[in-house]
2 protein chains.
Amino acid sequence: MDLFVSKYFNKIDKKGRISLPSSFRNVLPKANKNEIILYKSIKSQSIEGCGVGRLKEIAKRINNLDFFSEDYDDFSTSIFSEIVTTNVDKEGRFLIPEEFKLYAGIKTEAAFFGQGHFFQIWEPKQGLKNTEVSRRRLLKEKKSLRMMLTQQK
Amino acid sequence: MDLFVSKYFNKIDKKGRISLPSSFRNVLPKANKNEIILYKSIKSQSIEGCGVGRLKEIAKRINNLDFFSEDYDDFSTSIFSEIVTTNVDKEGRFLIPEEFKLYAGIKTEAAFFGQGHFFQIWEPKQGLKNTEVSRRRLLKEKKSLRMMLTQQK
DNA sequence: TGGGATTATATGGGCGTCAATGGGTATATG
DNA sequence: CATATACCCATTGACGCCCATATAATCCCA
């Protein structure tokens with residue numbers, strides 16, 4: 001499986017370390033197994049993360065913008081300066097920057113939610129509530145969810 | 001990681017030295033690990049910096065502008081003639097020219113903002129304000145930041 | 001197939017190393 | 001000779017690496 005799926009609830013220890021779920025670690029390419037990027041989610045009070053490979057994609061895209069334009073600076077600033085890279089230690093743990101923990105309201109425990117090509121880190125209760133809200137919205141607004149899930153190709 | 005990412009706030013000591021963030025030092029090619037170039041940003045009250053290797057890339061971009069346009073001369077003059085090279089000492093510190101500090105309003109502390117292939121040095125408060133403004137401008141526009149972040153290759 | 005044995009994962013903690021910062025002194029440069 | 005800059009050494013706190021353990025998952029063989 002090369003996608004981030006399922007959800008996990010892990011603890012933050014005294015040193016601020018938290019385990020990246022094993023199944024998430026396995027999604028990272030062997031070459032960059034010990035480095036991930038984190039950034040504050042734009043749409044919610046959560047942290048999003050993924051392997052460094054995605055960052056290089058983004059860099060390429062930004063690089064194609066007109067270098068002397070305002071857009072270039074806006075994207076470049078909003079993305080590169082807001083992203084942090086974090087090292088995953090041999091035991092699979094990493095540090096969440098203090099600023100990010102504040103943003104997401106995370107204290108001693110965090111919830112990892114697989115999102116396919118990336119994952120989200122939530123304060124556990126808020127994360128569960130968000131799942132609930134998302135699902136309800138989906139069921140109400142899109143009757144097609146059922147179809148999508150049951151349809152065969 | 002071979003990109004300048006994240007942001008850092010470092011102090012300038014009595015001798016005028018300031019540490020280039022460790023992760024930025026690692027982006028510089030091993031061959032020219034102790035030399036960086038600095039120039040005044042043409043778009044903001046900040047200083048931009050990068051490894052000497054990037055000079056070629058800057059030259060190329062300027063070259064792509066219409067040779068007979070005013071822009072060409074302006075950019076060419078504004079950037080090339082204003083570039084200074086600075087040595088990074090064994091502890092990873094360097095000196096910011098007085099004129100540049102004045103330009104950016106930097107006194108005792110400076111903020112480093114990763115911009116992918118280069119970085120910016122700001123007076124801390126102004127840097128944060130700039131990030132805020134950039135982000136707000138992006139969120140308002142149709143070209144969404146989200147697309148940039150989540151789009152797949 | 002049951003159940004002990006091996007492996008993996010999440011978590012805890014010691015300790016050495018490195019990054020950021022401060023300061024003394026030699027060296028250079030005009 | 002005066003000022004600026006490079007080199008060297010020191011300090012502190014953060015972080016990475018190593019080792020340890022408990023629980024859970026997997027395996028393997030009788």
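Below, chains carry the letters A, B, ... as their sequence lines are ordered, and counting in each starts from 1.
- Here the CD atom belonging to A:Q120 is positioned 10.0 Å from the CD1 atom belonging to A:I47, to the nearest 0.5 angstrom.
- In summary, the side chains of A:T77 and B:Q115 do present a donor paired with an acceptor at a separation below 3.5 Å, with no hydrogens or angles considered.
- A salt bridge links B:K60 with B:E57: the distance from a Lys NZ or Arg NE/NH1/NH2 to an Asp or Glu carboxylate oxygen falls below 4.0 Å.
- The neighbour count for B:K33 NZ, taken as heavy atoms of other residues, nucleotides or ligands under 6.0 Å away, is above 12.
- Note: CZ (A:F24) to C1' (C:dT9) measures 15 Å, nearest angstrom.
- Proximity of residues 14-22 of chain B to DNA chain D (heavy atom under 4.0 angstrom from any strand atom) is restricted to B:K15, B:R17.
- Within residues 88-104 of chain A, the residues approaching DNA chain D are A:K90, A:E91, A:R93, A:L95, by heavy-atom distance under 4.0 Å.
- Seen from the ring of B:Y103, B:K40 counts as a face-on cation partner, given the 6.0 Å and 45° thresholds.
- Within 6.0 Å of NZ on A:K7 lie no more than 12 heavy atoms contributed by other residues, nucleotides or ligands.
- For the pair B:Y8 OH and D:dC15 C1', the interatomic distance rounds to 13 Å; values are reported in whole Å.
- In this structure, the CG atom of A:N87 is 12 Å from the P atom of C:dA19, given to the nearest Å.
- Rounded to whole Å, the distance from CZ on B:F9 to C1' on C:dT21 is 18 Å.
- For A:T85, there are no side-chain hydrogen bond (donor to acceptor under 3.5 Å, both in side chains) partners two or more places apart in sequence or in a different chain.
- Under the rule for a side-chain hydrogen bond (donor to acceptor under 3.5 Å, both in side chains), the partners of B:K43 that lie at least two apart in sequence or sit in another chain are A:D73.
- Atoms CG (B:N26) and C1' (D:dC15) sit 14 Å apart, rounded to a whole Å.
- Residues satisfying the ring-ring contact (aromatic ring centres under 6.0 Å, His included) criterion with B:F24, sequence neighbours excluded, are B:F4, B:Y8, B:F119.
- Salt-bridge annotation for A:E70 and B:R137: present, with a side-chain N of the basic residue lying under 4.0 Å from a carboxylate O of the acidic one.
- As rounded to whole Å, 16 Å separates atom C1' of D:dA22 from atom CG of A:D13.
- Across residues 106-116 of chain A, not one residue has a non-hydrogen atom less than 4.0 Å from an atom of DNA chain D.
- With rounding to whole Å, B:N34 atom CG is found 16 Å from D:dT5 atom P.
- Here B:K101 pairs with B:E98 in a salt bridge; the nearest charged N to carboxylate O distance falls below 4.0 Å.
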